Amino acid sequence: MPFTLATWNINSVRLREPIVLKLLEDEAPDVLCLQECKSPVEKIPLDGFRALGYNYIVARGQKGYNGVAILSKIPMVDAGEQDFAALGHARHVAGKLENGVTIQNFYVPAGGDVPNREVNEKFGQKLDYLTDMRDWFNADKPEKSILVGDLNIAPREDDVWNHKQLLKIVSHTPIEVEHLAETQDAGNWVDITRQDIPEGQLYSWWSYRAKDWAAADKGRRLDHVWATSDISNAGHGSRVLRDARGWEKPSDHAPVFATFDL
DNA sequence: ATGGTGGGCGCCCCA
């Protein structure tokens with residue numbers, strides 16, 4: 001059975017309930033993973049999602065910051081969470097679907113402005129978060145799993161608008177890219193988006209601070225869809241719904257899609 | 001070198 005999944009950093013699920021509903025109505029993915037919900041779980045507006053058939057929902061939240069959720073039309077038979085790097089943040093939730101696939105949904109710390117853990121605690125927390133992910137995957141190798149989320153790292157030269165100009169900018173520094181690669185290797189994860197779209201510039205985030213985000217097109221690919229190597233061949237049809245960045249009251253991220261024939 | 005915008009919360013944090 002083929003199923004389609006999307007991941008979207010929504011930057012407040014309460015403020016942007018209308019565009020979440022629009023995405024679910026227009027595109028109808030079987031599974032939608034959200035990050036930066038910025039809401040306690042009990043204040044997430046679930047009724048509208050349920051009315052569209054997303055009856056299986058797991059979420060983790062806290063007041064004002066972070067927060068992740070998985071909305072699914074496919075029954076979920078198990079759920080879990082991990083507090084990587086012991087930050088006490090709602091940055092991870094996992095759900096096992098009835099079809100045997102496990103979804104890992106992550107919101108990796110952004111890491112602040114200065115790429116030096118000696119002077120910027122947040123950068124150290126970001127690296128530690130990735131190291132903890134790596135160790136977790138090494139200790140318990142994932143199988144038949146899909147990892148999605150805002151990983152806050154654009155690893156490839158063509159994942160950013162200007163590689164040289166961003167080498168010292170948090171999200172594209174070599175040490176972050178190295179940490180991400182170690183995490184990816186530890187879980188035998190395959191980058192499905194780049195398996196499908198191997199060539200060319202590809203972004204999923206554009207800053208709010210640009211006068212005209214589309215004209216400037218100074219984007220970064222921060223949002224990812226990975227799959228374990230045992231199911232990576234089933235992945236296809238990846239795309240970034242760039243249009244959503246131009247919707248009414250948009251998130252600064254666009255949704256990333258992939259389809260799996262399993 | 002800097003400031004630009006946006007969300008949540010409440011006199012400032014975070015992205």
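All of these numbers come straight from a predicted model, not from anything done at the bench.
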(request) Indicate, with yes or no, if the rings of A:Phe84 and A:Trp136 have centres closer together than 6.0 Å. (result) yes
(request) Please check if the distance between the ring centroids of A:Trp189 and A:Phe137 is under 6.0 Å. (result) yes
Round to the nearest Å and state the distance from [X] atom [atom1] to [N] atom [atom2].
| X | N | atom1 | atom2 | value |
| --- | --- | --- | --- | --- |
| A:Glu36 | B:dA15 | CD | P | 7 Å |
| A:Asp113 | B:dG3 | CG | C1' | 12 Å |
| A:Lys218 | B:dT5 | NZ | C1' | 15 Å |
| A:Asp212 | B:dT5 | CG | C1' | 14 Å |
| A:His253 | B:dC14 | NE2 | C1' | 12 Å |
| A:Ile169 | B:dA15 | CD1 | P | 16 Å |
| A:Leu222 | B:dC14 | CG | P | 19 Å |

Side-chain contact test, heavy atoms from C-beta onward, threshold under 4.5 Å: evaluate it for [X] versus [Y] and give yes or no.
| X | Y | value |
| --- | --- | --- |
| A:Val68 | A:Phe106 | no |
| A:Leu241 | A:Phe257 | yes |
| A:Ile57 | A:Ile70 | no |

(request) Treat primed atoms plus P, OP1 and OP2 as sugar-phosphate and everything else as base, then score nucleotides 6-13 of chain B 5' to 3': B for base contact with protein heavy atoms under 4.0 Å, S for sugar-phosphate contact only, - for none. (result) SBSSS--B
Roughly how far apart, to the nearest Å, are [N] and [M] at atom [atom1]?
| N | M | atom1 | result |
| --- | --- | --- | --- |
| B:dG10 | B:dG6 | P | 22 Å |
| B:dC13 | B:dC9 | C1' | 8 Å |
| B:dG3 | B:dA15 | C1' | 16 Å |

(request) Name the residue closer to the 5' end of DNA chain B, choosing between A:Asp150 and A:Ser207 according to the nucleotide with the nearest heavy atom. (result) A:Ser207
(message) Here's a test of your reading of the structure: between A:Asn152 and A:Ala210, which maps to the more 5' nucleotide of DNA chain B?
(response) A:Ala210
(message) Please evaluate residues A:Gln35 and A:Thr7 with respect to the criterion side chain to side chain donor-acceptor pair (under 3.5 Å), reporting the C-alpha separation (whole Å), side-chain torsions for both, the decisive distance (0.1 Å), and the verdict.
(response) CA-CA 8 Å; A:Gln35 304 87 34; A:Thr7 179; 2.9 Å; yes
(message) Between A:Glu27 and A:Arg239, does any side-chain N to carboxylate O distance fall below 4.0 Å?
(response) yes
